[in-house]
A.B. asks: 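Got a structure for you, questions after.
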Amino acid sequence: MDGIHDLGGMDGFDDLPPDEPDDASPFHQDWEGRVYALFVTGIASGAFNLDEFRYTLEQHNPEFYLERSYYERWLTGIESLLLDAGVIDRGELADRVTAFECGEAEISDKPGPSLDELTEGVAKVYQSGRVRETPVFEPGDEVEVRNDHPKGHTRCPRYIRGIRGTIHAHRGTHVLPDASAHGEDRAEPLYNVKFDAANVWGANHTDADAVHIELWESYLSKP
């Protein structure tokens, strides 16, 4: 979907400030680490998959998306997915939030999944490879990115649609995120496609020689 998350190629945001978390932690605040643990537990236990998680974040309204921090967006998305999966109850969640705000609740010491269970579950989620399908395109073929604007999830950046590029490599056959985000396990050949910088940004924006993007077969057509 063409949401506010798809920022590639947009102007007016200035340079990103340097990200400088504490040397002892990749997180700026302790609660951010807990949100990351919720994410890992959620995907490892099968409550949601990576593409469903991404699609949930993409549906935030633009004002919320731009004003909230990275892990605030994650927390809101995880809450929505756990509610949809029936892992938590909306009323119980509201009661727990109120109790914490009043200082009348503590984090449960109930043991969760073991580290081995989490590791196995996460590895399974990130293993997107499937039985190899014969690719339509070969390295060196010229292709054009379809100018499609799907309402659902896609990993095809908006700024590259309608642009011609060249197949650089075939990456095998992998789960199609556009389908996986909506509960369908479908796979397609995946390619690394090279785009000349001048074709993407114009002749006056060639500070990079080329842009390489991983794109699924259904995103591409023959020019």
A.B. asks: Which pair of non-hydrogen atoms, one from Pro189 and one from Thr134, has the smallest distance, and what is that distance?
C.D. replies: CG-O, 4.4 Å
A.B. asks: Which class fits the ring pair Tyr219 and Trp216: parallel under 30°, tilted 30 to 60°, perpendicular over 60°?
C.D. replies: perpendicular
A.B. asks: Using ring centroids (six-membered ring only for Trp), state whether His182 and His153 fall under 6.0 Å.
C.D. replies: no
A.B. asks: With a 4.5 Å heavy-atom cut-off, do Val200 and Asp196 have their side chains touching?
C.D. replies: no
A.B. asks: Might you confirm whether atom CD of Glu184 has over 12 heavy atoms from other residues, nucleotides or ligands at distances under 6.0 Å?
C.D. replies: yes
A.B. asks: Compare every heavy atom of Val175 with every heavy atom of Ser180, then report the nearest pair and how far apart it is.
C.D. replies: CB-CG1, 3.6 Å
A.B. asks: Roughly how far, to the nearest 0.5 Å, is the CZ atom of Arg161 from the CG atom of Asp2?
C.D. replies: 4.5 Å
A.B. asks: Taking atom types as modelled, find out whether Glu214 and Tyr191 have a side-chain donor-acceptor pair closer than 3.5 angstrom.
C.D. replies: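 Their side chains do not contain a donor-acceptor pair, so the 3.5 Å distance test is not met.
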A.B. asks: With the 4.5 Å side-chain cut-off for hydrophobic clustering, are Tyr126 and Val40 part of the same group?
C.D. replies: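 Cluster IDs for Tyr126 and Val40 match.
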A.B. asks: Sub-3.5 Å donor-acceptor pair from the side chain of Asn49 to the main-chain atoms of Glu52, do we have one?
C.D. replies: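 Here the side-chain-to-backbone pair exists.
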A.B. asks: State which residues pass ring pair (Phe, Tyr, Trp, His ring centres under 6.0 Å) with Tyr71; sequence neighbours excluded, sorted by chain then number.
C.D. replies: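 In terms of ring pair (Phe, Tyr, Trp, His ring centres under 6.0 Å), with neighbours along the sequence ignored, Tyr71 is linked to Phe27, Trp74.
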A.B. asks: Answer whether the closest heavy-atom distance between the side chains of Leu220 and Ile167 falls below 4.5 Å.
C.D. replies: yes
A.B. asks: Out of curiosity, does Leu75 fall in the hydrophobic cluster containing Phe100 (side-chain heavy atoms, cut-off under 4.5 Å, transitive links)?
C.D. replies: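 Not linked; separate clusters.
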A.B. asks: Which residue, Arg164, Lys222, Lys194, forms the salt bridge (charged side-chain N to carboxylate O under 4.0 Å, His left out) with Glu142?
C.D. replies: Arg164
A.B. asks: Looking at residues at least two apart in the chain, or sitting in another chain, which of them share a side-chain hydrogen bond (donor to acceptor under 3.5 Å, both in side chains) with Asn147?
C.D. replies: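 Per chain and number, Asn147 pairs via side-chain hydrogen bond (donor to acceptor under 3.5 Å, both in side chains) with His149.
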A.B. asks: Taking Glu117 for its side chain and Ser114 for its backbone only, find out whether a donor-acceptor pair lies under 3.5 Å.
C.D. replies: yes
A.B. asks: Does the Glu32 side chain pair with the main chain of His28, one donor and one acceptor, at a distance under 3.5 Å?
C.D. replies: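 Yes.
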A.B. asks: Side chains of Glu72 and Ser69 only: does a donor on one sit below 3.5 Å from an acceptor on the other?
C.D. replies: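 Yes, Ser69 and Glu72 have a side-chain donor paired with an acceptor closer than 3.5 Å.
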A.B. asks: Shared ILVMFWY cluster between Tyr70 and Leu57, side chains joined below 4.5 angstrom?
C.D. replies: yes
A.B. asks: So, does Asp89 use its side chain to make a donor-acceptor pair with the main chain of Gly91 at under 3.5 Å?
C.D. replies: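 Answer holds: yes.
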A.B. asks: Hey, are the side chains of Val193 and Ile213 touching, using non-hydrogen atoms and a 4.5 Å cut-off?
C.D. replies: no
A.B. asks: When rounded to the nearest 0.5 angstrom, what distance separates CZ in Phe195 from CG in Asp209?
C.D. replies: 15.5 Å
A.B. asks: Main chain of Gly3, side chain of Asp6: is a donor-acceptor contact present, judged purely on distance under 3.5 Å?
C.D. replies: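 Pair absent, no side-chain N/O of Asp6 close to backbone of Gly3.
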A.B. asks: Can you check whether Asp84 reaches Phe48 side chain to side chain, under 4.5 Å on heavy atoms?
C.D. replies: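 They are not in contact (no side-chain heavy atoms under 4.5 Å apart), so the answer is no.
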A.B. asks: Give a yes or no on whether Glu133 atom CD has more than 12 heavy-atom contacts from other residues, nucleotides or ligands under 6.0 Å away.
C.D. replies: yes
A.B. asks: Which residues end up grouped with Met1 if you chain together Ile, Leu, Val, Met, Phe, Trp and Tyr wherever their side-chain heavy atoms are less than 4.5 Å apart?
C.D. replies: Tyr55
A.B. asks: Thr173 versus Val131: any side-chain heavy-atom pair under 4.5 Å?
C.D. replies: no
A.B. asks: Heavy-atom count around Asn61 CG within 6.0 Å, excluding the residue itself: above 12?
C.D. replies: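 Yes, enclosed.
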A.B. asks: Is the number of heavy atoms from other residues, nucleotides or ligands under 6.0 Å of Tyr36 OH greater than 12?
C.D. replies: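 Open: at most 12 neighbouring heavy atoms sit under 6.0 Å from OH of Tyr36.
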A.B. asks: Given side chains that start at C-beta, do those of Arg73 and Thr76 come closer than 4.5 Å, heavy atoms only?
C.D. replies: no
A.B. asks: Hey, what do you get for CD (Glu217) to NE2 (His170), rounding to the nearest 0.5 Å?
C.D. replies: 7.5 Å
A.B. asks: Would you check if Pro177 and Thr154 make a side-chain contact, meaning some heavy-atom pair closer than 4.5 Å?
C.D. replies: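 No; the side chains remain at least 4.5 Å from each other.
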A.B. asks: In this structure, would Ile160 and Leu190 fall into the same cluster of hydrophobic residues linked by side-chain contacts under 4.5 Å?
C.D. replies: yes
A.B. asks: Say you draw a straight line from CG of Leu50 to OG of Ser128; how long is it, rounded to the nearest 0.5 Å?
C.D. replies: 9.5 Å
A.B. asks: With rounding to the nearest 0.5 Å, note down the distance linking CG in Leu118 to OG1 in Thr41.
C.D. replies: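 One finds 5.0 Å between CG of Leu118 and OG1 of Thr41.
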A.B. asks: Rounded at 0.5 Å granularity, tell me how far CD in Gln127 sits from NZ in Lys124.
C.D. replies: 11.5 Å
A.B. asks: Are Phe39 and Trp31 grouped together when hydrophobic residues (ILVMFWY) are joined by side-chain heavy atoms under 4.5 angstrom apart?
C.D. replies: yes
A.B. asks: Decide yes or no for His174 and Glu188: does some side-chain heavy atom of the first lie under 4.5 Å from some side-chain heavy atom of the second?
C.D. replies: no
A.B. asks: Check this for me, if you would: do Glu144 and Arg146 make a salt bridge, where the nitrogen-to-carboxylate-oxygen distance has to be below 4.0 angstrom?
C.D. replies: no
A.B. asks: Are Ser221 and Val143 close enough, and set up right, to give a side-chain contact (heavy atoms from CB on, under 4.5 Å), and what steps lead you there?
C.D. replies: CA-CA 6 Å; Ser221 64; Val143 294; over 6 Å; no
A.B. asks: Looking at Arg130 and Asp185, is there a salt bridge between them, counting it only when a charged N and a carboxylate O are closer than 4.0 Å?
C.D. replies: yes
